[in-house]
Amino acid sequence: MSLKTERRGIHVDQSELLCKKGCGYYGNPAWQGFCSKCWREEYQKARQKQIQEDWEFAERLQREEEEAYASSQGAQAGPQSLTFSKFEEKKSNEKTRKVTTVKKFFTASSKSLPKKDIKEAKSPSPSLSRQFSLETDRVSKDFIEFLKTYQKAGHDVYKLSKIFLEAMHHKRESNIDEQSEFTQDFYQNTADKLQMYWKVSPDKVEKVMDQIERFIMTRLYKHVFCPETTDDEKKDLTVQKRIRALHWVTLQMLCVPVNEDIAEVSDMVVKAITDIIEMDSKRIPRDKLACITRCSKHIFNAIKITKNEPASADDFLPTLIYIVLKANPPRLQSNIQYITRFCNPSRLMTGEDGYYFTNLCCAVAFIEKLDGQSLNLSEEEFSRYMSGQASPKKQDLENWPEDTCTGVKQMHRNLDLLTQLSKRQEHIVNGAKKLEKDLIDWTDEVTKEVKDIVEKYPLNIKTASQALAALESENVEDDNLPPPLQPQVYAG
């Protein structure tokens, strides 16, 4: 990694966290930079415009077909023509059919599976169902006890909540955005009624809305969290794979002002990682937000202990990114989408929960677009680290503090050995590939030389002569052969 005298840290202006419409509330990347209130207004405008355009198109199609039908009927003459009453009846039926068809055509498709398939896919295990049932019963009892203190208003709130749950039951096959919009409208309308009709103070309204959210989302969680009609699960896997590939990112690369060698700071980092992972185990949006808030407070404490001064926003975001990279929280995108869709909007627009949640969304967006320049690395270094061909230089084991855990030291020794083995293996593989190439080249060269020699000195095979053939024959005349040798005896 190249060292630079001036390092460019991660900086996000606080104005960038606010709604881009300038209302003063916190924005959200999932709402294209708007806050919940402004996003709903923009969504309603776009939706009304689309409905108007669809109806105009439908009416134009209807007029064209009516004109075509009228012209075809005018061309037909004779005693078999329809009577005026029958013509009007048929025209009315055709009109109804066309309008119904166009309505179906322009209705947003839910892309949902059949009910049977959804029940089979979503059916939890018996033990999990019992757990959910017990929690649902407990939440219901707590909700009823809480509303008793509000008398008439509490009774009406409970009645509205039951009506809402019944309506959501009939909307299960609807698009998840429609269910979210319906839920946000319910939150807004109920909060307005609490203040205007039942004269409940703003502080108590927040408490009532928290209880309402807990009551309804405990029942809706298994139906609206990471639904099969969305690509939330695909986004989860993409982010998880991306974070896993960035496991090599260090504190120094992100300019994180945290010293993990301090025992108290290390403990804060572990708690922050635990809290952000625990978010997936919660069912209520507010409880998930609470995990994010606790994680963020541990981060601020870790920075404060390291620097001996209060942490700034410029210190917080890089550290949050580092914590997310180290934790790799399960179903991160699904949890963010769930909070965005079904949390009480007032919590996301203001307060520390909204601030920390907006920063988490910024951290995830930063991780998705992370490149070498963001980490003060060259593109070549970044590519090598991402592919696993190299890793950042580890701290020398001899310079570790004395109180460092033995297991951590051993882990880094093993990592160093694996790095060395990887380099040796890469060297051997390259040598084997070079040897293979040399053998192929040598074989081609020898084959070419042999071919050239054969072409230059062709091999001519001659037939055997008659004399040689006669020697091998059984009918050879032995008249001209010399007499055989006779043994001679010599007297000694």
Side-chain angles (χ1 to χ4, degrees), residues 1-17 27-33 231-258 260 269 272-273 275-277 279-280 292 295-296 298-299 302-303 311-337 339-340 355-395 415 419:
M1 181 181 69
S2 60
L3 297 176
K4 301 181 180 180
T5 55
E6 294 184 3
R7 299 182 61 84
R8 181 176 59 82
I10 301 169
H11 173 75
V12 175
D13 194 283
Q14 292 304 294
S15 61
E16 298 178 13
L17 301 178
N28 192 316
W31 294 326
Q32 300 180 8
D231 59 350
D232 292 352
E233 185 176 0
K234 182 180 179 182
K235 291 180 180 178
D236 288 335
L237 296 175
T238 301
V239 172
Q240 196 172 47
K241 183 178 179 182
R242 175 71 171 173
I243 293 177
R244 194 179 296 118
L246 292 167
H247 67 92
W248 47 268
V249 176
T250 63
L251 291 164
Q252 293 75 22
M253 292 178 182
L254 293 171
C255 300
V256 175
V258 168
E260 292 188 89
V269 170
I273 292 174
D275 286 329
I276 198 70
I277 292 176
M279 173 179 62
D280 186 59
I292 298 173
C295 169
S296 301
H298 288 315
I299 290 174
I303 298 173
S312 65
D314 289 339
D315 295 332
F316 170 66
L317 184 58
T319 312
L320 178 60
I321 293 171
Y322 176 75
I323 293 298
V324 172
L325 289 175
K326 292 303 174 186
N328 197 358
R331 300 191 291 185
L332 181 57
Q333 281 288 4
S334 290
N335 281 288
I336 290 177
Q337 291 296 331
I339 293 172
T340 301
Y355 174 76
Y356 294 140
F357 179 71
T358 303
N359 274 274
L360 177 62
C361 294
C362 292
V364 175
F366 179 85
I367 290 171
E368 292 175 339
K369 300 177 182 178
L370 193 64
D371 56 11
Q373 186 179 7
S374 304
L375 299 174
N376 300 283
L377 298 173
S378 66
E379 289 301 322
E380 181 181 358
E381 289 175 318
F382 183 78
S383 299
R384 287 176 61 82
Y385 293 160
M386 289 294 290
S387 62
Q389 297 178 359
S391 59
K393 186 177 180 181
K394 303 290 190 307
Q395 184 179 4
L415 289 174
T419 302

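For reference, positions follow the sequence shown, starting with 1. Atoms considered below: every heavy atom in the structure, side chains included; atoms not considered: hydrogens, waters and symmetry mates.
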How far apart are the closest heavy atoms of Leu317 and Cys362, and which atoms are they?
CD1-CB, 4.5 Å

When you compare the side chain of Gln240 with that of Leu332, does any pair of heavy atoms fall below 4.5 Å?
no

Compare all side-chain heavy atoms of Pro329 with those of Asp280 and state whether any distance is below 4.5 angstrom.
no

Would you say that Ile339 contacts Ile292 through its side chain, given a criterion of any heavy-atom pair below 4.5 Å between the two side chains?
yes

With a 4.5 Å heavy-atom cut-off, do Ile323 and Cys295 have their side chains touching?
yes

If you define the side chain from C-beta out and look only at heavy atoms, does anything of Leu375 sit under 4.5 Å from Trp248?
yes

Check whether any side-chain heavy atom of Leu254 lies under 4.5 Å from a side-chain heavy atom of Leu325, and answer yes or no.
yes

Is the shortest heavy-atom distance from the side chain of Thr340 to the side chain of Phe357 under 4.5 Å?
yes

Do Leu320 and Ile276 pass the side-chain contact (heavy atoms from CB on, under 4.5 Å) test, and can you show the C-alpha distance, the side-chain angles, and the key distance before you say yes or no?
CA-CA 10 Å; Leu320 178 60; Ile276 198 70; 5.5 Å; no

Please state whether the rings of Phe316 and Tyr355 are parallel, tilted or perpendicular, taking 30° and 60° as the class boundaries.
parallel

Nearest heavy-atom neighbours spanning Glu260 and Leu251
OE2-CD1, 3.5 Å

Go through the steps for Gln333 and Asp232 under the test side-chain contact (heavy atoms from CB on, under 4.5 Å), then give the verdict.
CA-CA 7 Å; Gln333 281 288 4; Asp232 292 352; 6.0 Å; no

State whether the side chain of Arg242 and the backbone N or O of Leu370 hold a donor-acceptor pair below 3.5 Å, judged by distance alone.
yes

Taking C-beta and beyond as the side chain, do Leu360 and Val324 meet within less than 4.5 Å on heavy atoms?
yes

Is it the case that atom CD in Glu368 sees more than 12 heavy atoms from other parts of the structure closer than 6.0 Å?
yes

